[in-house]
Amino acid sequence: MQKSFSSQLIHTGDKLKDSVSWSKSLPIVQTSVFSFDDVESLEEVYDGKSPGYIYTRNGNPVHDALNDIMSSIEEGEAALSYSSGMGAIALSIIAQVKAGDHIIAANVLYGGSFQFIKTELARFDISVTFVDPVNEDISPYFRPNTKVVYVETISNPVMEAIDLPVLAEAAHRHGAKLIVDNSFATPVISQPLLQGADIVVYSATKYIGGHSDVTAGIVVADKENIQRIYASGLLFGPTLSPFDGWLLVRSLRTLELRIRQHSHNALKLAEYFVAHPKISAVYYPGLPSSPTHTVAKRLFHNDLFGGMLSIDLAGGERGAYELLRGLETIKFVPSLAGVATTTSYPAKTSHRSLTDEELRKANISKGLIRISVGLEDIQYIINEFDRTLAKL
Ligand SMILES: *Cc1c(COP(=O)(O)O)cnc(C)c1O
């Protein structure tokens with residue numbers, strides 16, 4: 001039978017051809033839904049008796065490929081991927097708490113996470129105590145209803161390495177779970193699950209993606225926690241697009257190489273800033289002068305300390321504004337972890353929701369510039385900072 005124009009439009013090419021070979025890279029399964037031959041086969045997939053997919057919010061082969069890579073390099077049992085880091089973070093916390101519960105969180109966190117914990121969770125009657133996990137023992141802050149301890153491996157933006165085994169021990173002694181945002185370190189530098197964390201979360205927008213072209217989030221944990229987060233995620237619905245998942249799989253192939261180069265470059269740039277008279281402080285865990293260098297040395301893999309550092313301009317707020325204006329190829333970009341070296345100004349970007357009091361407590365001065373060190377020849381980057389600083 002001759003197909004009509006609209007039928008040809010609708011049905012041509014809707015079956016993959018059989019072939020003796022297969023694409024070398026992962027196919028992008030860019031579909032919102034999957035088709036079945038009959039009701040019985042749909043039932044079998046729903047009941048977990050047959051492998052298969054139903055609807056991309058429930059799962060997609062690209063998500064599975066990405067999740068398999070992440071759970072294997074983290075040495076976790078399973079992983080989930082979402083459409084943003086905040087999606088992954090919000091779900092991993094929500095899955096652990098109910099109204100009336102309490103959580104403990106580091107007082108220096110990514111601004112969005114800080115705000116989520118402080119204001120969104122409060123609306124659902126979940127209280128929080130913010131503590132300084134670097135200089136304080138967190139034990140006295142536990143309550144009978146404390147369910148979660150939430151920290152970042154390397155705090156943002158003052159780059160302190162957190163002693164995860166100590167926090168994990170305290171959390172578990174009080175029946176709470178330790179959730180760690182490992183976005184700045186990546187599994188190349190830190191595998192928090194092996195140091196006692198229960199759940200690891202990522203803004204995959206950062207180093208996992210690494211090219212400033214994807215917004216995504218990932219959670220890695222044991223099967224039981226992943227099942228709880230999966231159930232919440234299915235209903236809150238921050239589904240990762242298969243194309244973005246595919247970009248992350250592509251990016252992960254070079255993660256280790258990139259993190260080595262980011263880290264080597266960052267250490268050289270940090271050493272340059274330490275010796276510069278117009279820089280009053282340098283925050284980088286790889287510097288022996290860093291207050292958490294010993295912790296970083298003990299916990300981080302391969303003597304790598306990451307690509308993120310911050311500097312305090314001796315010239316304060318004015319000095320910071322002038323440096324940002326003066327730099328040419330080094331762009332002012334309110335994010336991080338791309339291939340190019342970029343700057344950010346935490347007081348007005350990632351941490352703009354903090355009050356002056358909170359900024360002070362988090363050690364974020366108005367002269368603080370955060371630098372995401374890229375993959376360039378580092379001498380070229382040092383020269384550009386040197387030229388620009390000379391003009392201040
Ligand atoms: C960017 C970032 C987030 C938020 O992730 P999105 O992908 O922007 O939603 C969370 N934690 C850290 C450490 C970040 O840098």
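Atoms within a ligand are numbered from 1 in the order they appear, just like the ligands themselves.
Proximity to Met86 (heavy-atom distance under 4.0 Å) selects the following atoms of ligand 1: 5 (O), 6 (P), 9 (O). Annotation for ligand 1: atoms under 4.0 Å from non-hydrogen atoms of Gly85 are 5 (O), 6 (P), 7 (O), 9 (O). Within ligand 1, the atoms closer than 4.0 Å to a non-hydrogen atom of Thr205 are 6 (P), 7 (O), numbered from 1 in the order shown. Near Ser84, the atoms of ligand 1 lying under 4.0 angstrom from a non-hydrogen atom of the residue are 7 (O), 9 (O).
Note on Ile73 and Val214: same hydrophobic cluster, where clusters join Ile, Leu, Val, Met, Phe, Trp and Tyr whose side-chain heavy atoms are under 4.5 Å apart, directly or indirectly.
Inclusion of Ser203 in the set of residues having an N or O under 3.5 Å from an N or O of ligand 1 is warranted. Checked against a 3.5 angstrom limit, the closest N/O atoms of Asn156 and ligand 1 fall outside it. Residue-to-ligand polar distances keep Phe184 apart from ligand 1: every N/O pair is separated by 3.5 Å or more. Backbone and side-chain nitrogen or oxygen atoms of Lys206 are examined, and one is located within less than 3.5 angstrom of a nitrogen or oxygen of ligand 1. Not one N or O of Leu336 is nearer than 3.5 Å to an N or O of ligand 1, by distance alone. In terms of polar-atom proximity, defined here as any N/O pair under 3.5 Å, Thr215 makes no such contact with ligand 1.
Annotation: the span from Gln115 atom CD to Leu354 atom CG amounts to 7.5 Å, rounded to 0.5 Å.
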Sequence neighbours left out, cut at 3.5 Å: what donor-acceptor pairs do the side chains of residues 161-169 make with other protein atoms?
residue, atom, partner, partner atom, Å
Asp163, OD2, Arg298, NH2, 2.8
Glu169, OE1, Arg173, NH2, 3.1
Glu169, OE2, Arg173, NE, 3.1

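Not counting sequence neighbours, Tyr82 has no partner by the side chain to side chain donor-acceptor pair (under 3.5 Å) test.
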